[in-house]
Amino acid sequence: MTNASICTIGDEILIGQIVDTNSSRISRALEEIGIKVTRMLSIGDQRDEIISNLENELRLCPVVITTGGLGPTKDDITKAALAELSGSSTYVENEIQMEIIHQILHARGLDILDINKAQALVPDTCEVIPNRLGTAPIMVFRFPEEKFGHKATLYSLPGVPFEAIGALPDVVKDIKAHNSLTDIFHKCVMVAGLAESALSELIAPWEDSLPSDMHLAYLPNQLTGVRLRLSIYGGNREEEEKRIDERFAALAPILGDKIYSRSDDTLQNAIGTLFRGSGMTLSAAESCTGGMISSLITSVPGASEYYLGSVTSYAVAIKEAILGVPDEYVAKHGVVSSEVAGAMAEGVRKLTGSTYAVATTGLAGPGGDERNPVGTVWIGVAGPRGVKTVKKVYRNDRKRNIERFTAAALDELRLFVIGDKEATS
């Protein structure tokens, strides 16, 4: 198994000025070709720190990928640090990258300055993978076994995500050409409606029966539930896929409809799968979720086939005037109640003429009351066979409560539609 380290270079990540999205994308690309990322590191813009940290990473991993520190400004010192690390004595111009620089700047109507030309200069110890999306080339440094105790390669990529991810196919191709790789196989099922701890307890006997070479990971997410991932490192991909499928098949009777997908997926995609091509339509009435349900549903390509629209009825007056929620429901039961949630769902269903509708009313925080503490939500789902309401209570901050409300509403909608299909089949 070949291990890899991914390093970001630049103070902007360490001080939280930007979010590192490159590392996750690079890690996924490496996993796909059988390289296991065992380390991730962020290094500041200090020459000595760059050199010492990269030396350590190269001792630990035969493949090291860095992003950042390769811009045209004077504060980008990565190239000089890499030159020293690799024992470079001079810089040479890479003609292909120089031509790309001319093309990019000409297309932007900009003059080519000396500082731009300097980006095509690279240490004489490196190979170059041209960066066709930007001005800084991808530099490849190969180190002999005696340097770090094993053969090692360092790939230096630009920090701009568009350029770094754009360079990945060429980097992956080079890695495959210079390393003997084995397969890593992952497969997931998606579980909704169970907290990670409850899920772990429920499937404990199944988990205990897993073979020693099969690794289970619990990957919870507020909006998608818990991703259960089984992994096998090494072996034959076709055989390992069959083995994992057999294990997940044994899990299905335990979890039933809590499993909403047998691949890495989202609840909104699962909703799309239920509705697409069925002739059924959908609408939403949102209060405490503030439009997040609608946003997620419409993020799915082709959602216009089944999704008609929504009403974000944040104020009580809108619930009553637009959705037709009876004022006595609010007066008697409160705005966060089963009666109001059900009336909202049926109201938007009638308003839009949709087959199904989902609604939310709750208290995301920070305020609550004696009847409904912070984190309380009532979810209403309406369809041809009636209306269902469900109460959920989560004790998180406002942002996480809204996300949990949204995920719970999508899941209740999913279960409601499935129940109707089963009842009429």
Side-chain angles (χ1 to χ4, degrees), residues 188-193 221 223-225 227 248 252 255-313 318-319 321-325 338-361 377-390 392 403 405-425:
C188 303
V189 296
M190 304 299 297
V191 180
N221 181 283
L223 289 174
T224 59
R227 179 189 293 108
F248 276 143
L255 294 179
D257 58 15
K258 296 295 184 183
I259 297 176
Y260 70 84
S261 178
R262 299 184 188 280
S263 62
D264 195 348
D265 210 344
T266 64
L267 281 163
Q268 58 266 30
N269 277 333
I271 297 296
T273 300
L274 281 174
F275 278 83
R276 196 177 297 110
S278 69
M280 301 184 301
T281 54
L282 174 63
S283 61
E286 302 186 61
S287 184
C288 54
T289 47
M292 185 174 283
I293 292 173
S294 181
S295 177
L296 289 180
I297 290 173
T298 56
S299 70
V300 177
S304 58
E305 177 188 330
Y306 53 86
Y307 190 62
L308 301 184
S310 68
V311 175
T312 305
S313 52
I318 302 301
K319 292 178 177 68
I322 305 299
L323 297 178
V325 175
S338 170
E339 291 76 10
V340 170
M344 288 172 64
E346 188 58 30
V348 77
R349 179 173 176 259
K350 291 179 179 178
L351 181 68
T352 62
S354 63
T355 315
Y356 288 94
V358 61
T360 55
T361 178
V377 64
W378 275 98
I379 298 164
V381 188
R385 294 171 60 82
V387 179
K388 176 186 177 182
T389 60
V390 178
K392 304 278 186 179
E403 290 176 343
F405 295 171
T406 300
L410 290 174
D411 192 42
E412 290 299 331
L413 170 65
R414 176 184 71 89
L415 295 172
F416 192 80
V417 175
I418 290 173
D420 274 7
K421 284 190 172 184
E422 292 175 347
T424 57
S425 60

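All figures in this text were calculated on a predicted structure; none of them were measured in a lab.
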Set of side-chain hydrogen bond (donor to acceptor under 3.5 Å, both in side chains) partners for E339, sequence neighbours left out
none

Show the numbers, then the answer: is there a side-chain contact (heavy atoms from CB on, under 4.5 Å) between T389 and I379?
CA-CA 5 Å; T389 60; I379 298 164; over 6 Å; no

Candidate pair E286 and V311, rule side-chain contact (heavy atoms from CB on, under 4.5 Å), full reasoning
CA-CA 6 Å; E286 302 186 61; V311 175; over 6 Å; no

Begin with the C-alpha distance, continue with both residues' side-chain angles, and end with the deciding distance and a verdict on side-chain hydrogen bond (donor to acceptor under 3.5 Å, both in side chains) for T289 and T360.
CA-CA 7 Å; T289 47; T360 55; 2.8 Å; yes

Close side-chain approach of Y356 to S283, heavy-atom, < 4.5 Å
no

Could you walk me through whether N221 and R227 pass the side-chain contact (heavy atoms from CB on, under 4.5 Å) check?
CA-CA 8 Å; N221 181 283; R227 179 189 293 108; 5.9 Å; no

Under 4.5 Å between any side-chain heavy atoms of L282 and T355, yes or no?
no

Determine the minimum heavy-atom distance between A407 and L267, stating which atoms define it.
O-CD1, 3.6 Å

State the OG-CD distance between S278 and E305, to the nearest 0.5 angstrom.
7.5 Å

Got more than 12 heavy atoms from elsewhere within 6.0 Å of CZ, R276?
yes

Hey, what do you get for OG (S294) to CD (Q268), rounding to the nearest 0.5 Å?
11.5 Å

Between T352 and V348, is there a donor-acceptor pair closer than 3.5 Å when you use the side chain of the first and the backbone of the second?
yes

Option from T406, V377, T361 for which side chain to side chain contact (heavy atoms under 4.5 Å, CB included) with C288 holds
V377

Are any of the side-chain heavy atoms of K421 and M280 separated by less than 4.5 Å?
yes

Can you find a pair of side-chain heavy atoms, one from I418 and one from L274, that are under 4.5 Å apart?
yes

Interatomic distance, CG@L351 vs CE@M344, rounded to 0.5 Å, equals 12.0 Å

Could you tell me if the side chain of V191 sits less than 4.5 Å from the side chain of L255, heavy atoms only?
yes

Between S287 and S313, which heavy-atom pair has the shortest distance, and what is it?
OG-O, 3.6 Å

T281 and S354: which non-hydrogen atoms are nearest, and at how many Å?
OG1-CA, 3.2 Å

Less than 4.5 Å apart, side chain to side chain, heavy atoms only: is that true for P384 and R349?
yes

Does D420 have any salt bridge (charged side-chain N to carboxylate O under 4.0 Å, His left out) partners at least two apart in sequence or in another chain, and if so, which?
R385

How long is the straight-line distance from CZ of R414 back to CG of D257, given to the nearest 0.5 Å?
6.0 Å

Tell me, with the steps shown, if T224 and Y260 meet side-chain contact (heavy atoms from CB on, under 4.5 Å).
CA-CA 10 Å; T224 59; Y260 70 84; 3.7 Å; yes

Can you pull the ring pair (Phe, Tyr, Trp, His ring centres under 6.0 Å) pairs that have at least one residue in residues 282-310, sequence neighbours excluded?
F275-Y306

What pair of heavy atoms forms the shortest contact from D265 to M190, and how long is it?
O-CE, 3.3 Å

Atom pair OG1 (T298) and CG (L296), whose distance is rounded to the nearest 0.5 Å
8.0 Å

Would you confirm whether T273, through its side chain, and N269, through its main-chain N or O, come within 3.5 Å as a donor-acceptor pair?
yes

What pair of heavy atoms forms the shortest contact from A357 to A345, and how long is it?
CB-O, 3.3 Å

Which atom pair, heavy atoms only, marks the closest approach of F416 to G386?
CZ-O, 3.5 Å

Atom pair CD1/CG of I297 and L410 - distance to nearest 0.5 Å:
5.5 Å

With a 4.5 Å cut-off on side-chain heavy atoms, are V358 and E412 touching?
no

